[in-house]
Amino acid sequence: MRAVTISGAGPSGKLSISSLNHPNAGQSDVVITVAAAGVNRADLLQRAGYYPPPANAPDWPGLEISGTVKRVGLGVSRWRVGDRVVALLEGGGYAEEVVVRETQVLPVPDGMDLVDAAALPEAACTVWSNLVDVGGLRAGEWALVHGGSGGIGTTAIQVAKALGAHVVTTAGGPERAARCAELGADVVVDHRRQDFVEEALRATDGRGVDVVLDLLGGGALGDNVRSLARGGRLVVIGMQQGRRGELDLSALLARRGTITGTLLRSRPPEEKARIVADTEQNLWPLFASGQVRPVIHARIPFSEAQSAHDLLESGEAFGKVLLVP
Ligand SMILES: NC(=O)c1ccc[n+]([C@@H]2O[C@H](COP(=O)([O-])OP(=O)(O)OC[C@H]3O[C@@H](n4cnc5c(N)ncnc54)[C@H](OP(=O)(O)O)[C@@H]3O)[C@@H](O)[C@H]2O)c1
C-alpha cells in the first residue's frame, strides 16, 4: 500500500510516498481502507523530530482517519466488512490502510460525507475529554476557547454552544473572528489587537469564565488564570506559546482555580476506549443532527502532503486540513 512517510527529522520536504506492506488484523483489531486522514499539529511536530510516536505505533504520521472496514479480527463483534467508520490512531493514518483496536473505531455519523468525517476523531475526543469531562463545562457556564479558528477550536465553539454554554473565543484577524461568530461564539477576541483577559471579564460582567480550553501554554499561563471565575478550570492541551510560563499563584488561590494538562495520543488503550465511547455517546448525536459540523479548510491528495503540512504550519487554515489517498 502507499503511505506518506517521514525520511528524517526536518521540514515538510522530508515527507514522501513509500510503498509498505498491508497491515494485518489482530484478534481485537479492525483493518480500514482509508478515505481521508486528518492533518494535526502533532504530525508537524513528529515530522520536525519533536514528538516521536509511542512504542508500537507506526512511525509514519496520522492520528485520525475515515474509511471503510476491510477486515476484522476474530474477536471483533461490533464492526462488519463495509461499515463506514472513523478511527482515532496512535499514528499511521497517512496510508491507504490502517489497523486499529476496535475500541478506537466509531461509526460515521448519519448523513455525513465519508471524507469530511476524517475531521472528527481527534477534535471530537479532545473537546469532549478536555472541555466537558476534565473541564466540567455545564449549561449556562462560560468557556474561553483559544484558537477558535483551528481544528479543535471550530469544534469546541459548536460543542460548547450545543451544550448550552456561552463562549468567548480568540482568533487572529477580523475575517477569522467573523467566521468564529458564525459558528456560534458569543464573543470573539481578535488577539492581534484585543486583550483576551479584558474581553473575557467584560463578557462575564467581571466574573470571569468557568473553563479555559488552552492551546497557548506557557506564554498565556498568567493571563489564562486571570480570566478564570471563582472555581474556574484551566485545561491546557497545547504549548503554541511555549512550555514555560510564569504564574502569580495568589491569582489561582484567590479564584480557587484548577490547572490541568492532558495528552490524548499517549494514553493507555483502556483510557482511550473510555474517551471514544463517551464521545460517541455524548457528541455523535450532535454531529448526526447537524448541530455540530466539521469545518474543512482543504482536501489535499497524498502526493501533495508537503503542501498540506505547509498550509497548517502557515496558520492560514480555518478548520481542518484533510489528506486523501
Ligand atoms: N493535548 C491533546 O490531547 C491535544 C489533542 C489535539 C490537539 N492538541 C493541540 O491543540 C492545539 C490546537 O490544535 P488544532 O488542531 O486546532 O490546530 P490548528 O488547526 O493549527 O489551530 C490552532 C489555532 O491556534 C491559533 N494560534 C496559533 N498560534 C497562536 C498564538 N500564538 N496566539 C493565539 N492563537 C494562536 C491559530 O488561529 P488564529 O491565527 O486565528 O489565532 C490556529 O488556527 C495544537 O497545539 C495541538 O497540538 C492537543
Side-chain angles (χ1 to χ4, degrees), residues 37-48 50-51 54 61-64 88-91 93 118-131 133-135 144-159 168-181 183 185 188-197 199 212-221 223-224 234-243 245 260-267 271-272 275-276 279 294-298 308-322:
V39 179
N40 285 281
R41 293 230 153 226
D43 308 342
L44 310 182
L45 290 173
Q46 179 175 337
R47 189 208 69 222
Y50 299 122
Y51 194 34
L63 298 176
E64 58 183 345
L88 184 70
L89 311 169
E90 282 84 47
L120 300 189
E122 264 288 316
C125 291
T126 300
V127 168
W128 172 260
S129 66
N130 291 287
L131 196 58
D133 190 12
V134 174
L144 167 59
V145 173
H146 282 291
S149 58
I152 300 291
T154 49
T155 304
I157 293 169
Q158 296 180 78
V159 167
V168 184
T169 195
T170 61
E175 229 175 89
R176 295 163 79 77
R179 292 188 69 184
C180 289
L183 289 173
V188 188
V189 182
D190 177 352
H191 62 75
R192 293 187 191 160
R193 54 179 195 86
Q194 289 175 296
D195 180 291
F196 74 78
V197 183
E199 299 306 320
V212 178
L213 183 65
D214 177 53
L215 46 77
L216 302 174
L221 181 59
D223 284 347
N224 276 332
L234 164 59
V235 187
V236 182
I237 62 164
M239 296 173 286
Q240 292 182 197
Q241 286 186 2
R243 298 157 59 146
T260 320
T262 74
L263 281 176
L264 184 57
R265 184 186 200 180
S266 50
R267 294 218 198 180
E271 282 185 32
K272 277 209 183 114
I275 290 171
V276 166
T279 301
V295 177
I296 314 292
H297 182 85
H309 272 212
D310 292 342
L311 174 59
L312 196 65
E313 216 147 31
S314 73
E316 279 164 23
F318 188 96
K320 297 284 295 191
V321 175
L322 303 180

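All values below come from the heavy atoms of this structure, side chains included, with hydrogens, waters and symmetry mates left out. For ligands, and for the atoms within them, numbers begin at 1 and follow the listed sequence.
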| Should you measure from each heavy atom of A171, which atoms of ligand 1 turn up under 4.0 Å away? | 40 (O), 41 (O)

| note | For atom 48 (C) of ligand 1, the closest protein heavy atom turns out to be I237 O, 2.9 Å

| query | Between T126 and ligand 1, which part of the residue brings a heavy atom under 4.0 Å of the ligand: side chain, backbone, both or neither? | reply | side chain

| query | With a 4.0 Å cut-off on heavy atoms, does T170 reach ligand 1? | reply | no

| Side chain, backbone, both or neither: E122 near ligand 1, heavy atoms under 4.0 Å | side chain

| Above 12 or not: heavy atoms from other molecules or residues under 6.0 Å from CD of E175? | no

| task | Name the closest protein heavy atom to atom 28 (N) of ligand 1, giving the residue it belongs to and the distance to 0.1 Å. | result | Q240 NE2, 3.1 Å

| Candidate with minimal heavy-atom separation from atom 3 (O) of ligand 1, of D214, L44, L264, I152 | L264

| Hey, is the main chain of K272 close enough, under 3.5 Å, to the side chain of R267 for a donor-acceptor pair? | no

| remark: Of all protein heavy atoms, the one nearest atom 19 (O) of ligand 1 is G151 N, 2.9 Å

| query | N/O to N/O below 3.5 Å, does that happen between G172 and ligand 1? | reply | yes

| said: Can a donor-acceptor pair be found, under 3.5 Å and without considering hydrogens, that links the side chain of T126 to the backbone of A123? | reply: no

| task | Mark up the atoms of ligand 1 that fall under 4.0 Å of a heavy atom belonging to L215, in ascending order. | result | 11 (C), 12 (C), 24 (O)

| note | Per-atom filter on ligand 1: closer than 4.0 angstrom to a heavy atom of R176 are 37 (O), 38 (P), 39 (O), 40 (O), 43 (O)

| message | Which heavy atom of R265 sits nearest to which heavy atom of P54, and what is that distance? | response | NE-CD, 3.5 Å

| task | Please determine which of R176, E316, H297, R179 meets the side-chain hydrogen bond (donor to acceptor under 3.5 Å, both in side chains) test together with S149. | result | R176

| request: Might you point out which heavy atoms bring A220 and D214 nearest each other, and give the distance in Å? | output: CB-OD1, 4.5 Å

| note | Among G147, A42, S129, closest by heavy atom to atom 25 (C) of ligand 1 is G147

| message | I'd like to know if E122 and K320 make a salt bridge, using a cut-off of under 4.0 Å between side-chain N and carboxylate O. | response | no

| task | Taking D190 for its side chain and G173 for its backbone only, find out whether a donor-acceptor pair lies under 3.5 Å. | result | yes

| Of L216, N40, T262, which has the heavy atom at the shortest distance from atom 30 (C) of ligand 1? | L216

| query | Of the listed options (G148, S149, G38), which comes nearest to atom 42 (C) of ligand 1 when hydrogens are ignored and any heavy atom counts? | reply | S149

| request: Classify the contact between Q241 and ligand 1 as side chain, backbone, both or neither, using a heavy-atom distance cut-off of under 4.0 Å. | output: side chain

| said: Geometry only, no angles: is H191 polar-contacting ligand 1 at N/O separations under 3.5 Å? | reply: yes

| message | Testing the basics here: between L213 and A156, what is the closest heavy-atom pair and its distance to 0.1 Å? | response | CD2-CB, 3.8 Å

| field | Nearest neighbour in protein (non-hydrogen) for atom 17 (O) of ligand 1 | value | R41 CG, 3.5 Å

| field | Minimum-distance pair of heavy atoms, taken over all atoms of A171 and C180 | value | CB-SG, 4.0 Å

| task | For atom 21 (O) of ligand 1, find the nearest protein heavy atom and state the residue, atom name and distance (0.1 Å precision). | result | G150 CA, 3.2 Å

| said: Can you give me the closest heavy-atom contact between T262 and N130, atom names plus distance? | reply: OG1-OD1, 2.6 Å

